[in-house]
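To start, the structure itself, in structure tokens.
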Amino acid sequence: MRAQAIDLFRATFGSDPTHAASAPGRVNLIGEHIDYNGGPVMPFAIAARTVAMVAPASNGWLELVSAQGNGLARVRWDGAVPPGWAGFAVGVARELLRAGVAFDGARVAVASDVPIGAGLSSSAALSVALARALALQAGAELDAATLIGVAHRAEVDHVGVRCGIMDQSIAVRARADHAMLLECATGAVRFVPLRARLLLVDTGARHELASSAYNTRRAECDAALATLREARAEIGALAEWPVESLRTITRLLPQPLRARAKHVVTETARTRQGADLLSKGRLRELGRLLFASHESCRRDYACSAPELDLIVRVAQRAGAWGARMTGAGWGGNVLVLVGPPTGMARREAVVRRRIASAFGRRYGREPAITLVAAGGGARPERVA
Ligand code: GLA
């Protein structure tokens with residue numbers, strides 16, 4: 001990706017970039033739709049990354065080119081937020097300025113192998129890589145919290161996606177070979193070694209309605225919280241509701257708010273328990289939580305898709321220890337826990353074969369299946 005981004009920069013601007021940075025995509029092990037409800041999530045970074053090459057440009061201008069886009073875009077960062085990925089660049093530039101970074105203008109070339117719209121957080125990989133590269137260009141060393149905040153506000157306040165903090169946090173802070181338990185209410189982080197044989201299965205399904213459905217779920221969670229707070233004013237976030245008091249939720253909330261709140265409360269408990277199980281190497285029990293998490297996403301949060309459900313079902317029948325959709329849902333990828341890290345070659349082959357053939361029979365195409373490991377977070381890149 002780095003070489004591709006450099007070539008693109010030179011071919012487009014006829015000069016060399018001065019600074020560069022990259023940031024990874026991510027998989028969420030467990031804790032889906034919990035970040036914006038103030039609970040725990042447990043993502044890890046994948047090998048796929050977005051690389052941003054930058055150099056100064058005249059004041060007020062962003063000159064943008066992407067290996068996946070078509071041609072050069074010139075936009076002013078103090079003007080209206082443009083559609084597409086240029087909007088992320090404008091958001092990042094404005095938030096850097098707000099954070100006190102002396103930024104004038106930039107030429108930017110971007111290359112990425114994080115698939116877009118696949119639930120692997122291509123947008124946070126982009127905004128974090130941009131923020132890091134542009135900060136380097138301005139000679140500023142941002143701490144992790146500031147970088148996360150800049151990238152997050154770029155999306156929420158400028159692009160207009162009401163996402164939580166999970167994706168930007170893992171893109172900045174990820175540690176190789178570890179999953180990161182992040183308590184979104186406090187920002188507390190615990191790294192847990194990720195010793196497991198994991199597959200990522202891409203359904204290829206990219207649902208257009210995903211962002212509107214996402215915002216609908218957020219609104220439903222807000223409404224559920226508002227009603228529950230009439231009974232218990234001290235509860236500040238939906239994920240704070242104790243799992244022992246699920247019956248109160250049933251009594252107080254109408255559908256579909258009841259189902260949404262039930263997912264949040266049970267998923268919160270599963271995520272903390274999952275982190276414990278992973279740290280003790282109890283992968284079979286962790287796997288059961290992954291299946292339960294998927295079922296909760298499917299039935300209660302209604303954020304799954306038939307393609308995802310099929311893969312989870314087949315993986316389970318083929319002997320995988322766990323499987324669930326990962327990311328916002330309504331399409332995208334399934335994470336499959338085959339078993340422990342070694343000695344799993346035969347089971348892995350069976351799981352792969354059964355998924356490929358069942359999916360092929362139903363949808364007439366093969367899903368991409370890859371082995372995944374936890375990679376590192378955002379970092380500076382060489383420019384030559
Ligand atoms: C998207 C959002 C995250 C998170 C997940 C669902 O990836 O960007 O903030 O809410 O969906 O867990």
Side-chain angles (χ1 to χ4, degrees), residues 23-46 48 50 85 87-88 91 114-128 148-174 179-185 187 200 202 206-207 209-222 225 237-239 260-261 263-268 270-272 274 289-290 293-294 296-298 300-305 308 324-335:
R26 64 99 189 89
V27 163
N28 190 17
L29 182 62
I30 192 163
E32 217 62 81
H33 291 280
I34 300 302
D35 55 356
Y36 55 84
N37 283 302
V41 295
M42 210 179 179
F44 61 91
I46 55 176
T50 296
W85 77 275
F88 287 82
V114 185
I116 293 172
L120 301 178
S121 177
S122 57
S123 52
L126 172 66
S127 47
V128 168
I148 292 166
V150 164
H152 185 237
R153 284 192 303 274
E155 288 200 40
V156 176
D157 295 346
H158 302 280
V159 178
V161 184
R162 291 188 67 205
C163 61
I165 198 78
M166 169 168 76
D167 300 347
Q168 296 77 17
S169 302
I170 190 68
V172 170
R173 307 181 75 159
M180 181 175 94
L181 178 71
L182 167 67
E183 288 289 350
C184 298
L200 202 52
D202 189 350
R206 308 282 187 261
H207 288 280
L209 76 184
S211 64
S212 64
Y214 185 88
N215 285 340
T216 304
R217 289 293 170 279
R218 287 208 62 155
E220 288 168 346
C221 288
D222 290 347
L225 178 63
L238 211 45
R260 309 296 185 250
H263 167 75
V264 171
V265 170
T266 58
E267 182 79 349
T268 294
R270 278 188 294 270
T271 305
R272 295 200 180 111
L289 292 183
L290 300 188
S293 167
H294 183 81
S296 180
C297 285
R298 186 188 70 77
D300 290 333
Y301 216 71
C303 61
S304 188
L308 299 163
R324 60 179 296 274
M325 53 155 276
T326 184
W330 299 287
N333 277 263
V334 171
L335 179 69

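As the structure lists them, so they are numbered: ligands from 1, and atoms in each ligand from 1. Side chains included, hydrogens not; waters and symmetry mates left out as well; all remaining heavy atoms used. Numbers here simply count residues along the sequence, with the first being 1. From a predicted model like this one, the values you see are computed outputs, not experimental measurements.
- Listed by chain and residue number, nothing satisfies the salt bridge (charged side-chain N to carboxylate O under 4.0 Å, His left out) test with R218 (two or more places apart in sequence, or in another chain).
- Applying the salt bridge (charged side-chain N to carboxylate O under 4.0 Å, His left out) rule to D157 yields no partners; only residues at least two apart in sequence or on another chain are considered.
- Ring planes of Y36 and Y214: perpendicular class, angle over 60° (limits at 30 and 60°).
- Sorted by chain and number, the residues within 4.0 Å of ligand 1 by heavy atom are R26, E32, H33, D35, Y36, C163, G164, M166, D167, Y214, A328.
- Between the side chains of R324 and S293, at least one donor N or O lies within less than 3.5 Å of an accepting N or O.
- Put simply, the side chain of N333 reaches to within 4.5 Å of the side chain of L120, judged on heavy atoms.
- In terms of the salt bridge (charged side-chain N to carboxylate O under 4.0 Å, His left out) criterion, residue partners of E220 (sequence neighbours excluded) are, by chain and number, R217, R260.
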